[in-house]
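What follows is a short report on a single structure.
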Amino acid sequence: MLRDLGLRPGQELLIMRLLDRDDQSQSELQEAVGLDHSTVSRSLRRMQAAGLLVRAQAAHDRRVQKVRLTADGRALRRPLQAMWAHLEQLSVRELDEDAVTSFTSTALAIERAVTGRGRRYG
């Protein structure tokens, strides 16, 4: 599905973050998606070459790269939403309502645990 949109895995996460709040620093994006610096930098370079975003030095600090979507990047909002909705439907199509509720609760608990928002043990 990503290939159909001209994207590589992980790039959709960067676009979705920028759709939520455009004009973020590269460091903010890196932290938000949990990918390493080189992966984010390479992805942003490819996305810039594809015309999906622009990067520029921040006015307040020339060391900071600000990232902003282009019109082509913003145009991916609906296709990405449709892709995620389709994936959601596929992931629960064999589950009843109780199983969906349990699945969602478990998935959120796993997300909290791996992002460090859950309780720490040890």
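Predicted model only: the values in this text are computed from it and were never measured.
- Listed here is the closest heavy atom pair of Ser25 and Val64: CB-CG1, 3.7 Å.
- The two residues Val67 and Leu44 come nearest to each other via the heavy atoms CG2-CD1, 3.9 Å.
- Counting only heavy atoms from C-beta outward, the side chains of Gln11 and Leu2 never approach each other to under 4.5 Å.
- Asp61 pairs by the salt bridge (Lys or Arg N to Asp or Glu O under 4.0 Å) definition with Arg63, not counting sequence neighbours.
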Next item on the list: In sequence, state the C-alpha distance, the side-chain angles, and the governing distance for Gln57 and Gln65, and then conclude on side-chain contact (heavy atoms from CB on, under 4.5 Å).
Entry: CA-CA 5 Å; Gln57 292 176 332; Gln65 285 281 315; 3.9 Å; yes

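- Just one of Met1, Glu12, Arg46 meets the side-chain contact (heavy atoms from CB on, under 4.5 Å) condition when paired with Leu7; it is Glu12.
- Side chains of His37 and Gln26 form a contact here, defined as non-hydrogen atoms less than 4.5 Å apart.
- There is a path of hydrophobic side-chain contacts, each under 4.5 Å, that joins Val33 to Met16.
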Name each donor-acceptor pair under 3.5 Å that joins a side chain in residues 75-93 to protein atoms two or more places apart or in another chain, with its distance.
from: Arg77; atom 1: NH2; to: Leu19; atom 2: O; distance (Å): 3.3
from: Ser91; atom 1: OG; to: Leu87; atom 2: O; distance (Å): 3.4
from: Ser91; atom 1: OG; to: Glu88; atom 2: O; distance (Å): 2.8

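- Side chain of Ser102 to main chain of Asp98: no donor-acceptor pair is present (N/O by atom type, distance under 3.5 Å, no hydrogens or angles).
- When atom types are taken as modelled, the side chain of Thr104 and the backbone of Val100 share a donor-acceptor pair closer than 3.5 angstrom.
- Side-chain polar atoms of Asp36 and Ser38 form a donor-acceptor pair below 3.5 angstrom.
- Leu14 CG to Leu29 CG: the interatomic distance, rounded to the nearest 0.5 Å, is 6.0 Å.
- The nearest pair of heavy atoms linking Ala32 to Arg17 is O-NH2, 3.5 Å.
- Both Val40 and Leu13 sit in one connected hydrophobic cluster of ILVMFWY residues. Membership requires side-chain heavy atoms under 4.5 Å apart, directly or through other members.
- Closest approach of Ile15 to Gly73, counting heavy atoms only: CG2-O, 4.1 Å.
- More than 12 heavy atoms of other shown residues, nucleotides or ligands fall within 6.0 angstrom of atom CZ in Arg42.
- Checked by atom type and distance alone, the side chain of Lys66 never pairs as donor or acceptor with a backbone atom of Ala58 at under 3.5 Å.
- Between the CE atom in Met47 and the CZ atom in Arg8 there is a gap of 11.5 Å [rounded to 0.5 Å].
- Put simply, CG on Leu52 and OG on Ser43 are 11.5 Å apart, with the number rounded to the nearest 0.5 Å.
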